[in-house]
Amino acid sequence: QVQLVESGGGLVQPGGSLRLSCAASGRIVSIYEMGWYRQAPGKQRKLVAAITSGGSTNYADSVKGRFTISRDNAKNTVYLQMNSLKPEDTADYYCNADMDGYSGTYSRSRKLYWGQGTQVTVSS
């Protein structure tokens, strides 16, 4: 099965840094755009950053200048480097990928895949 697994979340003090990783695995044909979303308690899930297979990026205004998204196509992995973290960055962070892959022997499809999320807490 095709899946996304996030890692790197945790507790960090304001002004600190974290690096999130999301690795895609399984029978993958192609990975197009990948991104990071976050959802705080009682809030809607929102886009944080996205990156295309060619390296073009897009960021939410709230994280511009602080976060950097990157990807390693050879490893099917996307990263989110988060610097100068603020308490308002506290949320569950989810990896998303537009992928063409197999969920079974013959079950190939292109769709949006989601990771299970990793928690980021920014607090002193």
Side-chain angles (χ1 to χ4, degrees):
Q1 62 177 10
V2 175
Q3 63 178 350
L4 298 171
V5 179
E6 304 101 331
S7 63
L11 175 64
V12 64
Q13 294 182 332
S17 298
L18 284 174
R19 190 189 191 211
L20 305 183
S21 298
C22 174
S25 63
R27 296 176 61 199
I28 300 166
V29 178
S30 298
I31 302 179
Y32 301 95
E33 187 169 279
M34 303 184 79
W36 289 94
Y37 290 71
R38 67 186 181 188
Q39 186 170 23
K43 302 291 185 179
Q44 292 184 313
R45 187 175 299 184
K46 294 184 176 181
L47 175 70
V48 176
I51 185 168
T52 69
S53 59
S56 297
T57 59
N58 183 46
Y59 296 92
D61 288 340
S62 60
V63 306
K64 286 182 179 178
R66 299 189 298 120
F67 291 9
T68 302
I69 188 170
S70 62
R71 63 189 286 174
D72 185 335
N73 291 332
K75 296 182 178 180
N76 293 328
T77 300
V78 63
Y79 306 93
L80 185 67
Q81 178 66 46
M82 304 186 293
N83 298 325
S84 301
L85 283 162
K86 304 174 181 179
E88 50 263 46
D89 294 319
T90 296
D92 289 328
Y93 284 70
Y94 297 87
C95 178
N96 169 269
D98 177 4
M99 294 193 293
D100 184 355
Y102 289 86
S103 59
T105 303
Y106 309 106
S107 301
R108 175 181 169 179
S109 64
R110 177 180 174 178
K111 67 175 184 178
L112 296 176
Y113 292 81
W114 290 90
Q116 292 185 322
T118 184
Q119 187 177 69
V120 172
T121 302
V122 184
S123 177
S124 59

Contact summary for Val122 and Lys86, nearest pair of heavy atoms: CB-O, 3.3 Å
Are Ile69 and Val78 side-chain neighbours, meaning at least one heavy-atom pair lies under 4.5 Å? yes
Before accepting this row, confirm whether a basic side-chain N of the pair Arg38/Asp92 lies closer than 4.0 Å to the acidic partner's carboxylate O. no
Where the side chain of Arg108 meets the backbone of Ser103, is there a donor-acceptor pair that is under 3.5 Å apart? no
Are any of the side-chain heavy atoms of Asp89 and Met82 separated by less than 4.5 Å? no
Lys NZ or Arg CZ of Arg45 over Tyr94 ring: under 6.0 Å, within 45°: yes
Using only atom types and a distance under 3.5 Å, with no angle test, would you say the side chain of Gln1 pairs donor to acceptor with the backbone of Gly104? no
Thr118 vs Leu20, side chain to side chain contact (heavy atoms under 4.5 Å, CB included): CA-CA, chis, key distance, verdict: CA-CA 8 Å; Thr118 184; Leu20 305 183; 4.1 Å; yes
Is the cationic atom of Lys64 (NZ for Lys, CZ for Arg) positioned less than 6.0 Å from the six-membered ring centroid of Phe67 and within 45 degrees of its normal? no
Taking the six-membered ring for Trp and the single ring otherwise, decide whether the centroids of Tyr37 and Trp114 are under 6.0 Å apart. yes
Determine whether a donor-acceptor pair (N or O, by modelled atom type, separation under 3.5 Å) exists between the side chain of Thr77 and the backbone of Ala23. no
Worked check of side chain to side chain contact (heavy atoms under 4.5 Å, CB included) between Thr52 and Asn58: CA-CA 9 Å; Thr52 69; Asn58 183 46; over 6 Å; no
What's the spacing between Ile31 CD1 and Ser53 OG if we round to 0.5 Å? 9.5 Å
Under a 4.5 Å side-chain heavy-atom rule over Ile, Leu, Val, Met, Phe, Trp and Tyr, are Met34 and Ile28 clustered together? yes
Is the shortest side-chain heavy-atom distance between Leu18 and Val120 below 4.5 Å? yes
For Gln44, does the CD atom sit with more than 12 other heavy atoms under 6.0 Å from it, leaving out its own atoms? no
Can you check whether Ser84's main-chain N or O pairs, donor with acceptor, with Arg66's side chain at less than 3.5 Å? yes
Quick one, Ser70 and Tyr79 - any side-chain contact, counting heavy atoms below 4.5 Å? yes
Is there a side-chain contact between Arg110 and Tyr32 (heavy atoms, below 4.5 Å)? yes
For Tyr113 and Cys95, what are the C-alpha separation, side-chain angles and deciding distance, and is it a side chain to side chain contact (heavy atoms under 4.5 Å, CB included)? CA-CA 8 Å; Tyr113 292 81; Cys95 178; over 6 Å; no
Check: Pro14 and Pro87 side chains under 4.5 Å, non-hydrogen atoms: yes
Pair Val48-Tyr59, side chain to side chain contact (heavy atoms under 4.5 Å, CB included): steps then yes or no: CA-CA 6 Å; Val48 176; Tyr59 296 92; over 6 Å; no
What's the spacing between Cys22 SG and Gln116 CD if we round to 0.5 Å? 11.0 Å
Are any of the side-chain heavy atoms of Glu6 and Leu4 separated by less than 4.5 Å? no
So do Lys111 and Asp100 actually touch side chain to side chain, heavy atoms under 4.5 Å? no
Residues two or more places apart in sequence or in another chain: which of them pass side chain to side chain contact (heavy atoms under 4.5 Å, CB included) with Asn83? Ser17, Gln81
